[in-house]
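Notes follow the structure.
In what follows, every chain begins at residue 1, and chains take the letters A, B, ... in the order their sequences are listed.
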There are 2 protein chains.
Amino acid sequence: MTDWNLFDRPAPLVNMASRSFLRLGERRVKPHGFSIGQLPVLYLLRDGKAMSQRDLARAAKVEQPSMAQILARMERDGLIQRTPMPGDGRSQLVSLTKAAKAKMPAARKALHRNQDHALAGFSAAETATLLDLLRRLNRNLDRMVAEEVEVGEAVEA
Amino acid sequence: MTDWNLFDRPAPLVNMASRSFLRLGERRVKPHGFSIGQLPVLYLLRDGKAMSQRDLARAAKVEQPSMAQILARMERDGLIQRTPMPGDGRSQLVSLTKAAKAKMPAARKALHRNQDHALAGFSAAETATLLDLLRRLNRNLDRMVAEEVEVGEAVEA
DNA sequence: CTAATATAAATAGCGACCTATGTAAATGGT
DNA sequence: ACCATTTACATAGGTCGCTATTTATATTAG
């Protein structure tokens with residue numbers, strides 16, 4: 001009665017959409033030797049830039065161990081290389097290999113073809129509204145996630 | 001330039017929101033001995049109903065192996081039980097244990113407290129709009145996922 | 001009634017995340 | 001200089017999901 005349909009609330013709808021995006025994206029990008037989680041890294045390092053793991057994690061908005069795993073797989077697949085960070089023995093600079101850079105344009109195109117098919121039937125205004133509402137939703141969620149961590153830590157202390 | 005901000009497109013925004021919802025939901029529900037992926041099962045079997053794995057997967061909109069894993073963990077944790085399906089030796093009827101049913105109300109309350117904090121600052125109309133746009137987005141995505149599977153299979157044949 | 005096919009689960013293996021913890025290299029205050 | 005803290009990564013372990021494949025039981029066609 002209260003939730004007559006399991007999926008007719010924000011969290012499940014968002015979750016479904018996310019899973020679909022991931023499935024579709026994976027199909028597009030996999031034939032080119034990439035996978036979805038690597039896209040932020042590819043994007044961030046695209047024109048020869050080099051960054052630390054920490055900065056990559058921050059910029060991609062994932063936790064450090066998640067980024068570590070992504071980078072491990074990318075290294076395994078010959079997509080990145082690491083060089084020591086000058087002046088800090090703890091850190092390394094990560095950059096794309098030539099192979100990765102060579103394969104990017106095709107993958108990019110494949111994704112572009114895919115992208116925004118999802119928004120078929122949406123007017124420009126509706127698309128803008130959706131993006132705006134999602135940004136606001138994310139602001140709320142980010143705050144909630146952060147707050148709870150604080151609480152958690154406060155309890156510990 | 002084209003995508004000046006990595007996250008300012010539908011897929012990443014939806015993905016971020018989904019991850020945040022999952023993190024928050026997990027925190028709420030874990031102390032009660034459940035986890036997020038189990039919620040559809042709990043919901044579907046709530047008042048003593050019994051269903052096959054196949055029907056649970058369909059209703060929860062996940063693939064069969066995903067549901068198999070969810071059920072395996074729920075069985076491990078004493079949340080479900082399986083009884084043979086009368087008249088079909090391949091299948092079993094899944095139902096909630098007393099323990100699971102006993103723990104549900106508290107978990108439900110915990111989630112409710114959480115829920116829709118996410119929509120703080122949203123007017124009723126905005127919430128409705130968001131839900132509507134997400135439903136439409138999902139319709140598109142579902143179609144795309146289904147189409148591609150067809151294509152894939154057609155190529156094989 | 002048997003052979004081919006379809007269906008229900010199980011299994012193997014992978015990717016994207018997370019939390020919690022450990023380790024080694026800076027850094028900062030005394 | 002020295003010890004405590006912070007910081008950057010690494011590692012262990014877990015959940016959610018997917019694809020591909022196998023196994024066992026129905027079902028259907030000939």
Side-chain angles (χ1 to χ4, degrees), chain A residues 11-12 15-27 29-30 33-41 51-58 60-77 82 84-94 145 148-149 152-153 156, chain B residues 11-12 15-27 29-31 34-41 51-58 60-77 82 84-94 145 148-149 152-153 156:
Chain A
N15 183 38
M16 269 303 301
S18 175
R19 283 163 48 205
S20 298
F21 271 129
L22 289 182
R23 282 173 88 169
L24 290 168
E26 201 70 50
R27 288 186 198 163
V29 129
K30 192 170 189 175
F34 298 117
S35 90
I36 276 290
Q38 305 174 347
L39 292 183
V41 176
M51 298 173 65
S52 69
Q53 179 182 113
R54 178 193 130 231
D55 290 344
L56 285 168
R58 285 215 220 292
K61 301 201 190 182
V62 297
E63 299 299 320
Q64 171 261 321
S66 305
M67 182 52 69
Q69 198 185 25
I70 289 168
L71 293 179
R73 285 200 270 255
M74 292 183 80
E75 189 166 36
R76 177 200 64 190
D77 297 344
R82 318 195 198 210
M85 173 81 86
D88 192 334
R90 296 166 300 179
S91 194
Q92 287 167 292
L93 281 170
V94 177
V145 169
E148 309 225 359
V149 170
E153 284 171 356
E156 298 295 331
Chain B
N15 183 39
M16 269 301 302
S18 173
R19 283 163 50 204
S20 298
F21 271 129
L22 289 182
R23 282 171 88 168
L24 291 168
E26 200 72 50
R27 288 186 196 162
V29 128
K30 192 170 187 175
F34 297 117
S35 91
I36 276 291
Q38 306 174 347
L39 292 184
V41 176
M51 297 173 64
S52 69
Q53 179 181 112
R54 178 193 132 234
D55 290 344
L56 285 168
R58 285 215 220 292
K61 300 198 191 184
V62 297
E63 298 299 320
Q64 170 262 322
S66 305
M67 182 52 68
Q69 198 187 25
I70 289 169
L71 293 178
R73 284 200 272 257
M74 292 183 80
E75 189 166 36
R76 175 201 66 189
D77 297 344
R82 317 198 199 207
M85 172 82 87
D88 193 331
R90 296 166 299 179
S91 192
Q92 287 166 293
L93 281 170
V94 177
V145 169
E148 309 226 358
V149 169
E153 285 170 356
E156 298 296 332

Using whole Å, report how far [atom1] of [X] lies from [atom2] of [N].
| X | N | atom1 | atom2 | value |
| --- | --- | --- | --- | --- |
| B/E26 | D/dC16 | CD | C1' | 9 Å |
| B/M67 | D/dT15 | CE | P | 16 Å |
| A/L71 | C/dC17 | CG | P | 12 Å |
| A/I36 | C/dA16 | CD1 | P | 8 Å |
| B/M85 | D/dA24 | CE | C1' | 15 Å |
| A/R27 | D/dG17 | CZ | P | 17 Å |
| A/F21 | C/dA16 | CZ | C1' | 17 Å |
| B/R23 | D/dC16 | CZ | C1' | 15 Å |

Using a cut-off of 4.0 Å on non-hydrogen atoms, how would the nucleic acid contact of [X] be classed: base, sugar-phosphate, or nothing?
| X | value |
| --- | --- |
| A/Q69 | base |
| B/L22 | nothing |
| A/S91 | sugar-phosphate |

[X] vs [N]: side-chain N/O to OP1/OP2 distance below 4.0 Å:
| X | N | value |
| --- | --- | --- |
| B/Q64 | D/dG17 | no |
| A/R73 | C/dG15 | yes |
| A/S66 | C/dA16 | no |

Q.
Can you work out whether A/R19 or A/R90 has the more 5'-proximal nearest nucleotide on DNA chain D?
A.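 Here A/R90 is the residue nearer the 5' end.
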Nearest listed nucleotide, side chain of [X], among [options]:
| X | options | result |
| --- | --- | --- |
| A/I70 | C/dC17, D/dA10, D/dA26 | C/dC17 |
| B/N15 | C/dC17, D/dT19, D/dC16 | C/dC17 |
| B/E63 | D/dC18, C/dA16, D/dT11 | D/dC18 |

Q.
Between A/E75 and A/A72 (side chain of the first, backbone of the second, donor and acceptor by atom type, cut-off under 3.5 Å), is there such a pair?
A.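 Answer holds: no.
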**Q.** Side-chain donor or acceptor of A/R90 paired with backbone N/O of A/M85 under 3.5 Å
**A.**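 It does not hold such a pair.
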Q: Establish, from distance only, whether the side-chain atoms of A/Q53 and A/Q64 form a donor-acceptor pair under 3.5 Å.
A: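 Result is yes, a qualifying pair exists.
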Q | Over all atoms of both residues, closest heavy-atom pair of A/S35 and A/E26 | A |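 What the structure gives for the nearest pair is CB-OE2, 3.0 Å.
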Q. Side chains of B/V94 and B/M74: does their closest heavy-atom pair fall under 4.5 Å?
A.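 A side-chain contact is absent here, since even the closest heavy-atom pair is not under 4.5 Å.
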Q: Starting from the 5' end of DNA chain C, give me the residue, A/G87 or A/S35, whose nearest nucleotide shows up first.
A: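 Its nearest nucleotide lies further toward 5', so the answer is A/S35.
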